[in-house]
Amino acid sequence: QSYVHRGFRHIVPLRWFRVGKDKPRVMILLLRQPHVFSEEEIRSAAERAWGIAFWGTHGSTRRILVSDDMRVFLQAGPHQLSICSTAQPYTKSPETDVDWLPSLNQQKAWAGHKACCWIYYLTETTDLELADCVIARIAVELLDENCTGVYMRDDFALIPAETASEDVRSMGAYRSSESSI
């Protein structure tokens with residue numbers, strides 16, 4: 001991103017950068033090493049997140065599906081998510097692109113990632129806060145020692161691994177009654 005764009009972000013409220021109908025909400029797990037989450041890992045994470053069983057059966061409102069390109073789709077009641085991994089960092093050289101981050105922990109998290117796991121909220125909504133809560137519920141269950149941090153692209157926010165579990169869990173619980181299935 002350019003310095004002009006970064007400066008502009010500090011003047012214009014972040015809510016003006018929120019995504020519309022054509023761009024789904026996303027939370028990105030920054031990973032030390034590439035890892036493709038399996039169908040079983042996603043299923044276990046979803047079952048921990050919502051406390052109920054998930055199946056792969058057609059017609060179920062709680063199911064996990066895997067596409068031919070290894071993208072995992074999760075339906076949790078009315079909420080549809082896509083989870084895909086890439087063996088590439090978010091930017092070409094994250095280790096040199098840290099000046100936009102205010103804290104040393106954030107800079108280390110950004111510089112230390114070599115791969116990403118993207119969690120998209122696919123259900124069309126104008127309730128971005130609810131979408132973030134749903135994404136957070138599954139994201140926190142996928143966090144492990146391979147994760148350097150969690151990046152929320154739409155809000156230009158990065159949560160380093162040291163606080164990610166607690167911060168993302170509280171985000172997911174913020175509207176827990178509405179994000180239930």
Side-chain angles (χ1 to χ4, degrees), residues 18-90 109 113-155 157-159 161 163-181:
R18 295 286 170 115
V19 295
K21 292 179 183 177
D22 59 332
K23 198 172 181 186
R25 290 296 279 186
V26 63
M27 190 175 288
I28 302 155
L29 305 182
L30 304 175
L31 307 175
R32 286 181 176 84
Q33 298 298 321
H35 178 75
V36 176
F37 288 97
S38 69
E39 178 180 359
E40 187 53 41
E41 288 173 301
I42 302 296
R43 181 183 323 285
S44 295
E47 289 176 349
R48 288 190 306 273
W50 283 281
I52 53 178
F54 278 73
W55 306 99
T57 57
H58 182 69
S60 173
T61 60
R62 299 184 319 264
R63 62 186 175 154
I64 312 291
L65 302 168
V66 180
S67 68
D68 292 338
D69 64 354
M70 297 308 296
R71 187 174 298 209
V72 179
F73 294 93
L74 167 66
Q75 182 171 359
H79 312 289
Q80 296 177 351
L81 295 98
S82 169
I83 302 160
C84 58
S85 298
T86 177
Q88 305 296 317
Y90 186 80
H113 87 281
K114 305 284 186 256
C116 299
C117 175
W118 298 65
I119 306 171
Y120 293 97
Y121 187 83
L122 301 177
T123 306
E124 190 173 312
T125 185
T126 58
D127 191 344
L128 303 178
E129 187 177 83
L130 178 60
D132 288 346
C133 289
V134 172
I135 295 170
R137 286 185 86 153
I138 192 74
V140 73
E141 299 299 335
L142 296 173
L143 295 177
D144 62 15
E145 65 281 345
N146 190 33
C147 186
T148 65
V150 177
Y151 180 56
M152 290 162 294
R153 174 190 70 190
D154 303 311
D155 296 325
L158 190 143
I159 304 169
T163 60
S165 186
E166 181 180 325
D167 292 347
V168 174
R169 187 172 306 282
S170 67
M171 185 186 307
Y174 182 65
R175 290 176 56 187
S176 61
S177 63
E178 295 174 69
S179 60
S180 296
I181 58 172

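Predicted, not measured: the structure shown is a model, and the values here were computed from it. FYI, the numbering just counts along the sequence from 1.
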Is any side-chain heavy atom of [X] closer than 4.5 Å to a side-chain heavy atom of [Y]?
X: Arg25; Y: Asp155; result: yes
X: Asp132; Y: Met152; result: no
X: Leu158; Y: Leu30; result: yes
X: Ile42; Y: Leu142; result: yes
X: Leu130; Y: Thr125; result: no

From Thr123, Ile135, Leu122, Val72, residue fulfilling side-chain contact (heavy atoms from CB on, under 4.5 Å) relative to Leu81:
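Among the candidates, only Ile135 passes.
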How close do [X] and [Y] get, counting heavy atoms only, and between which atoms?
X: Val168; Y: Ala139; value: CG1-CB, 4.2 Å
X: Arg137; Y: Ala49; value: NH2-O, 3.0 Å
X: Thr86; Y: Ala115; value: O-CB, 3.2 Å
X: Ala46; Y: Ile138; value: N-CD1, 3.4 Å
X: Ala53; Y: Glu47; value: CA-OE2, 3.5 Å
X: Pro24; Y: Arg153; value: O-NH2, 3.6 Å

Just wondering, more than 12 heavy atoms not from Asp68 lying within 6.0 Å of its CG?
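No, CG of Asp68 has 12 or fewer neighbouring heavy atoms, counting only those of other groups under 6.0 Å.
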If the threshold is 4.0 Å, N to carboxylate O, is there a salt bridge linking Glu40 and Arg43?
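So Glu40 pairs with Arg43 through a salt bridge.
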Is Asp144 paired with Arg32 through a side-chain N to carboxylate O contact shorter than 4.0 Å?
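No, this pair does not count.
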Give the ring-plane orientation class for Trp50 versus Phe54, where under 30° counts as parallel, over 60° as perpendicular and anything between as tilted.
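If you compare the ring of Trp50 with that of Phe54, the planes turn out tilted.
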Using 30° and 60° as the class boundaries, would you call the ring planes of Tyr121 and His79 parallel, tilted or perpendicular?
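The rings of Tyr121 and His79 sit tilted, inter-plane angle from 30° to 60°.
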How long is the gap from [atom1] on [X] to [atom2] on [Y], to the nearest 0.5 Å?
X: Ser44; Y: Glu39; atom1: OG; atom2: CD; result: 10.5 Å
X: Gln80; Y: Glu124; atom1: CD; atom2: CD; result: 11.5 Å
X: Leu65; Y: Phe73; atom1: CG; atom2: CZ; result: 8.5 Å

Side-chain donor or acceptor of [X] paired with backbone N/O of [Y] under 3.5 Å:
X: Gln75; Y: Gly77; value: yes
X: Asn146; Y: Leu31; value: no
X: His113; Y: Tyr90; value: yes
X: Ser85; Y: His35; value: yes
X: Thr163; Y: Asp167; value: no

List the steps and the verdict of side chain to side chain contact (heavy atoms under 4.5 Å, CB included) for Val150 and Leu143.
CA-CA 9 Å; Val150 177; Leu143 295 177; 3.7 Å; yes
Glu141 and Arg169: CA distance, side-chain angles, deciding distance, side chain to side chain contact (heavy atoms under 4.5 Å, CB included) verdict:
CA-CA 9 Å; Glu141 299 299 335; Arg169 187 172 306 282; 3.4 Å; yes
With Asp127, which residues qualify under salt bridge (charged side-chain N to carboxylate O under 4.0 Å, His left out), at least two apart?
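With neighbours one apart ignored, the set is Arg175.
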